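Down below is the structure, laid out as structure tokens.
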Amino acid sequence: MASKANVTFNVLLLSVAIIVGNVIRLKVIPINNEVKRYLGYHEDSYLNFTEISAKYGYISEEHTVTTEDGYMLTIFRMRKRSCRQFKRPPVILMHGLLQSADVWLDAGPNAGLAYLIADECHDLWVGNQRGNYYGRRHARLDPDRDPKFWKFCVDEIGHYDIPATIDYVLKNTGEKKLNYVGFSQGAGTFLIMCSERPGYCDKANILIGLAPAARQTHTRSVPFRALTEGISKLEGVLFSTGFHELFYKGAIEQEFFSFLCKFRATSEALCNAIIAAIDAFHPGSVGNETLRVLYGHFPAGTSTHNMARYGQSMQSRKFQKFDYGKERNLEIYGAEQPASYNLTAVTVPVVVLYGRNDRLVDTRDVFWLVKRLPNVLEASEVADPLWNHLDGTYSQFNKRLIFPQLNQYLLQYSEV
Ligand SMILES: *[C@@H]1O[C@H](CO)[C@@H](O)[C@H](O)[C@H]1NC(C)=O
Ligand SMILES: *[C@@H]1O[C@H](CO)[C@@H](O)[C@H](O)[C@H]1NC(C)=O
Ligand SMILES: *[C@@H]1O[C@H](CO)[C@@H](O)[C@H](O)[C@H]1NC(C)=O
């Protein structure tokens, strides 16, 4: 545990970093793709999802999902060009906190899970959640002018974005059910949906949760704890001074990482060290090319409110809704305490894969979750003792360590 003085120092440092980052943003013209090409950035670090997947022989369609509360999310249907027939039903693949659909391409063909799933001729739909750069549109609100746009956290993503995405994919394909693969927040928000939206859980044949983020009592990452707890304490101040959106693409910290990591010489040591600092060290797991690419898409942005929600979950032993304090809770929820999510309502068959070296979603919290889910088919540790959190998206060993099991379950619930 970090000491009090240490936490205070981190909070201070964080506030300064956020303020400086946001002030500088006003003065910096975003570096455009032409300039990046000229400076020798890896192409995959600045192209978009459709362009990258096309480059490697996949066809991606862009679709817009509009949620009941007006958020407009770009999602991608990605299929391998050489497949003659596609398996049914469709598969949804959903990213985690501060990521976007691009995260599934960052490890490159042969390791990125979007490529691997599409290679098996599944009808793949890659989702995006509100607040990242593919989910930064709204029917009525302007994310740059209306702070209201940013009043969301995983509670709303689970309530609106995941169901809307599922409905859209089912409607578009004419299917009754689909298969769902979620990483971290992408799995946690599915659980929230099952609890809050009766009937939706039954629209999936299976939930494959990679390091699913539910309760986070035992998160070991000191920087992530300090960061989210700091934001949680300062949320009111941050919001009222205009910091509604954090760690977005084009922000100073993202451009800075992206720039440093474009160099072959620095990428391996330095950019691996950034992952190791947030998560855990796993030498050689994230390939050199991936290190040069991933910071072009990470961090992908979210709301201050969502980061604050993570800060709360660090301090709680429950998987519960946002805690606004007794008075506001009474107004909003009709109770002094926020309700816990109902995990008994997660009736869908669940498969959980987790890493022993994961410092963001700790194995103790995974076991806590698994014990409460009524229909777990399998919960297993990835066969590599150093498997950390972000490996689920970035590791070059995905094909060997994650994909066979994942695909076996997809096939079990698919037909040609
Ligand atoms: C991706 O880039 C292409 C241009 O190459 C553009 O037409 C398309 O709208 C972009 N898609 C997204 C989601 O930004
Ligand atoms: C990355 O590249 C260096 C040389 O540039 C090489 O020694 C190292 O093995 C590579 N690492 C991986 C994981 O491929
Ligand atoms: C939780 O969900 C289950 C299954 O849908 C339901 O039977 C139960 O009443 C719910 N519990 C609460 C406290 O809402």
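Being a predicted model, the structure only gives us computed values, none of them experimental. Atom set for the values below is all heavy atoms of this structure, side chains included, hydrogens, waters and symmetry mates excluded. Remember, it's 1-based here, ligands and their atoms both numbered in the order they're listed.
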Ala211 and Val361: which non-hydrogen atoms are nearest, and at how many Å?
O-CG2, 3.8 Å
Side chain, backbone, both or neither: which part of Tyr134 comes within less than 4.0 Å of ligand 1 when only heavy atoms are counted?
side chain
Based purely on interatomic distance, does Glu51 place a nitrogen or oxygen under 3.5 Å from a nitrogen or oxygen of ligand 1?
yes
For residues Phe190 and Tyr200, establish whether the separation of their ring centroids is below 6.0 Å.
no
Among Arg77, Lys80, Arg88, exactly one meets salt bridge (Lys or Arg N to Asp or Glu O under 4.0 Å) together with Asp123. Which residue is that?
Arg77
How far is atom 11 (N) of ligand 1 from the closest protein heavy atom, and which atom is that?
Glu62 OE2, 2.7 Å
Look at atom 6 (C) of ligand 1 and find which of Asn48, Thr64, Ile75, Thr50 reaches it with the closest heavy atom.
Asn48
Measuring to protein heavy atoms, does anything land under 4.0 Å from atom 9 (O) of ligand 3?
no
Less than 6.0 angstrom from the centroid, inside 45 degrees of the normal: does Lys36 satisfy that with respect to the ring of Tyr46?
no
Among Phe152, Trp150, Phe322, the one residue meeting ring-ring contact (aromatic ring centres under 6.0 Å, His included) with His305
Phe322
For atom 2 (O) of ligand 3, which candidate among Asn342, Thr347, Thr344 provides the closest heavy atom?
Asn342
